[in-house]
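Heads up, the thing below is written out as structure tokens.
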Amino acid sequence: MRWTNALIPTLKESPADAEITSHKLLLRAGLIRKLAGGLYTFMPLGLRVLRKVEQIVREEMDRAGALEVLMPALQPPEIWQATGRYETARDVLFKVRDRAKKEWVLGPTHEEVITTLAAGEINSYRQMPKNFYQIQVKFRDEIRPRFGLMRAKEFIMKDAYSFDATDEAAQLSYQKMYDAYTRIFERCGIQSFPVEADTGVIGGKFSHEFMVPAETGENDVVYCESGKYAANIEKASSQGPLAATPKESTGAAVEKFATPGVVTIEALAKEPYNVAGHQQIKTLVYLVQGKLVIVLMRGDDQLNEAKFVGQIGTNEFRAATADEIFGAMGARPGSLGAVKTAMKSEIPVYADEVLRGAKGMTTGANEDGFHFRHVEIERDIEVNYWVDLRTVKVGEFCVATGLPLKIRRAIEVGHVFKLGTKYSEALKATYLDESGVAKPCVMGCYGIGITRTMQAIIEQRNDKDGIIWPIAVAPYQVCITPLGVAPGSPTMLVAEELYAALSAKGVDVILDDRDDRPGVKFKDSELVGFPIRIGIGEKSLAKGEVELKLRGGELTPLKKEDALAKVLELVGK
RNA sequence: CGGAGCGUAGCUCAGCCCGGUAGAGCACUUGCUUUGGGAGCAAGACGUCGCAGGUUCAACUCCUGUCGCUCCGACCA
């Protein structure tokens, strides 16, 4: 490609609506342009990168034995109703109507479609295992699209779905994808690491997310430096809080005391009360599918909503309003408690495991301006469910190694998930086993955000001058930069010769034939991030040399006649 | 949806508080000079100041509404 024939609209300044580095660079390097919030056009160079990422994914999926298909983005709502997700996923579903006013949904994911397909095509245990994948555009009515390609209304995903006869076989399919993902991200030139992930409403314990460490990521990952444990904070557990929960009795019965104006854990921890956070029981009230539920946490702990969803089995919940709470409890937030004798109505109580056996605790008295002390949870509170609901904190000890845990931000680029039979049962994807008994297929699903991965590469690989593409996904691997471009000039002759030779060898090469000052051409090639630049100027040419510049590396002279071989070696041809 | 902010030239922004002639830099066009790290000079083209109402002799500026965008929170690849 000749630069003058390409469209590479680089920008000196960052557009005002880009916040994070990778988003700014996507725009500045002319890789994407925004049409509207969460909707982007891939420019010629951006599309080249996207295609290369796709190709790596395709090769690794094929290698893992998955079969490529292409499913419709436009889907009938009936299959979504069959799995119940027409309701549970309604917030992200885009819906459209055809001329007959019939409704359709734009696929945010394809479990329903692939399972419908499998229901028709897979009838025998002999046909499994099978794994189908596609690379396709998804539509999600995101609550808040942001950071360019990171979270978009429309994005490209590789989604794969495995079908197996047994749990054990499904585990094998899962492992294959896990391994393929590791290779994919490695080939894309980014550091990624798998972490245990929350399984949400589906449940089960087999789910991993592939994370790329980045301060701008939207996830918190809890990890042990030994490398033996890493989990999304939504899922993470530890040996427990650093301060032990009090277990010593302080009184034979609860005692009410006045706490005028005290409505926070912090306020109760100060003079004149001096009740530390870990000596308090925090009482939260949620509305789960229209019914009130009480959640008890230790005062210094945070409720992990993802864990809570796993326990209640639905994501249809919200914090109760102050009015709803007052109606049921007779007090306002800040004075709430679940002590039996002070309860006005029957409300199920979930208590965090950390509170088990707690004695000498302080909690709200269900009366504004009063608290109870000497609370012993098993004696004074009717707990219906003991569950793990707390959010892990930095410095708590790792369950696996006993070392202190750390937390860092990361971008989720992939997710592997063992689904079980939720979808196969709902959509009747059954097979006959050896003994002729019909059973639902055991499924797994595996996603990679292709467009997000592309941005994650930039987020991880950049410097003050621009993007630093790895060879494997660079829009062009080599940029030839003659400093004089007059036809027939010595620099241009050498440039043309090298360009022709590299092109003939199948190297992705761009010739910067613009009649611009050297500074402009250098800046642009570094901003866009071509991994290899061959500079051709009259000074070095006089010595029979050209200049090799690796992006992010030093300028090194190279004998003119060695240039071709050196570049071929660098790009691995 | 809750909270915060921003909409003025292709891009980055000033002007608005205190109403009266639409501005700068970059990019673009033409010419001359320059030519190893985002050049200089000169000339030029580019705007219904997001949109709709209102106040006013007069609105980019004040008021109301509305739409869009960005950021923080809940959602996810």
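The structure presented is a predicted model; accordingly, all values stated were derived computationally and were not measured. Within every chain, numbering begins at 1; the chains are lettered A, B, ... in the order of the sequence lines, protein sequences first and strands thereafter.
Straight-line distance between the P atoms of B:C49 and B:G10: roughly 13 Å, to the nearest whole Å. Comparing the P positions of B:G3 and B:G38 gives an interatomic distance of 48 Å, to the nearest angstrom. B:A22 sits 14 Å from B:C13 when the C1' atoms are compared, rounded to a whole Å. The same atom, C1', is picked in B:C69 and in B:G31; the two are 41 Å apart, to the nearest Å. For the P atom pair drawn from B:C6 and B:U34, the interatomic distance equals 48 Å after rounding to whole Å. Here the separation of B:C28 from B:C11, taken at their C1' atoms, is 12 Å to the nearest Å. One P atom belongs to B:G68, the other to B:C51, and the distance between them is 15 Å to the nearest Å. Here, B:U61 and B:U48 have their P atoms 16 Å apart, quoted to the whole Å.
Base pairing of B:C32 is made with B:G40, judged by Watson-Crick or G-U wobble geometry with both donor-acceptor distances under 3.5 Å. Across all strands shown, B:U12 pairs with B:A24; the Watson-Crick or G-U wobble distances both stay below 3.5 Å. B:C71 is paired with B:G3 under the Watson-Crick or G-U wobble criterion, all donor-acceptor distances under 3.5 Å. With a cut-off of 3.5 Å on both pairing distances, B:C76 has no Watson-Crick or G-U wobble partner at all. Here B:U66 sits opposite B:G50 as a Watson-Crick or G-U wobble pair (both hydrogen-bonding atom distances under 3.5 Å).
No donor-acceptor distance shorter than 3.5 angstrom exists from the side chain of A:Arg533 to the backbone of A:Arg551, with no hydrogens or angles considered.
Under the side-chain hydrogen bond (donor to acceptor under 3.5 Å, both in side chains) test applied with A:Arg514, the options A:Thr4, A:Thr481, A:Asp524 reduce to a single match, A:Asp524. The only option from A:Lys24, A:His23, A:Lys34 that meets the side-chain hydrogen bond (donor to acceptor under 3.5 Å, both in side chains) definition with A:Asp17 turns out to be A:Lys34.
Applying the 3.5 Å distance criterion, the base of B:G38 shares no donor-acceptor pair with the side chain of A:Asp516. Contact annotation: side chain of A:Glu547 to base of B:G36, donor-acceptor pair present below 3.5 Å. Judged by distance alone with a 3.5 Å cut-off, a donor-acceptor contact links the side chain of A:Glu526 to the base of B:G37.
The distance from atom CZ of A:Arg517 to atom P of B:G38 is 7 Å, rounded to the nearest whole Å. As a whole-Å value, the separation of A:Met43 CE from B:C11 C1' is 14 Å. Atom CG in A:Leu11 sits roughly 8 Å away from atom P in B:U12 (whole-Å rounding). Counting to the nearest Å, the C1' atom of B:G68 and the CG atom of A:Leu35 are 13 Å from each other. For A:Arg551 and B:G37, the CZ to C1' distance is 13 Å, given to the nearest whole Å.
Counting only N and O atoms by type, the side chains of A:Glu459 and A:Ser22 include a donor and acceptor under 3.5 Å apart.
Backbone-only engagement by A:Ser14 is indicated by non-hydrogen atom pairs under 4.0 Å involving sugar-phosphate atoms exclusively. Base engagement by A:Arg533 is indicated by at least one non-hydrogen atom pair under 4.0 Å involving a base atom. Looking at heavy-atom distances under 4.0 Å, A:Arg33 makes no contact with the nucleic acid at all. Base contact: A:Leu527 has a heavy atom under 4.0 Å from a base atom.
Within the structure, the salt bridge (charged side-chain N to carboxylate O under 4.0 Å, His left out) test picks out the following pairs touching residues 46-57 of chain A (sequence neighbours left out): A:Arg48-A:Asp508, A:Arg51-A:Glu54, A:Lys52-A:Asp508.
The shortest distance between side-chain heavy atoms of A:Val105 and A:Lys95 falls below 4.5 Å.
Classified by interplanar angle (parallel below 30°, tilted 30° to 60°, perpendicular above 60°), the ring pair A:Phe308/A:Tyr350 is perpendicular.
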Every protein N/O lying under 3.5 Å from an N/O of nucleotides 25-29 of chain B:
residue : atom : partner : partner atom : Å
B:G25   : N2   : A:Glu13 : OE1          : 3.4

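Judged by the 6.0 Å and 45° rule, A:Arg140 forms no cation-pi pair with A:Phe155. Judged by the 6.0 Å and 45° rule, A:Lys153 forms no cation-pi pair with A:Phe94.
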Legend entry - Intermediate values then yes/no, salt bridge (Lys or Arg N to Asp or Glu O under 4.0 Å), A:Asp220 and A:Arg408: CA-CA 6 Å; A:Asp220 282 312; A:Arg408 69 175 158 194; over 6 Å; no
Legend entry - Under 4.0 Å protein heavy-atom contact, by nucleotide of nucleotides 70-77 of chain B - B base, S sugar-phosphate only: SBBBBBBB
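The ring of A:Phe193 has its center no closer than 6.0 angstrom to the ring center of A:Tyr223.
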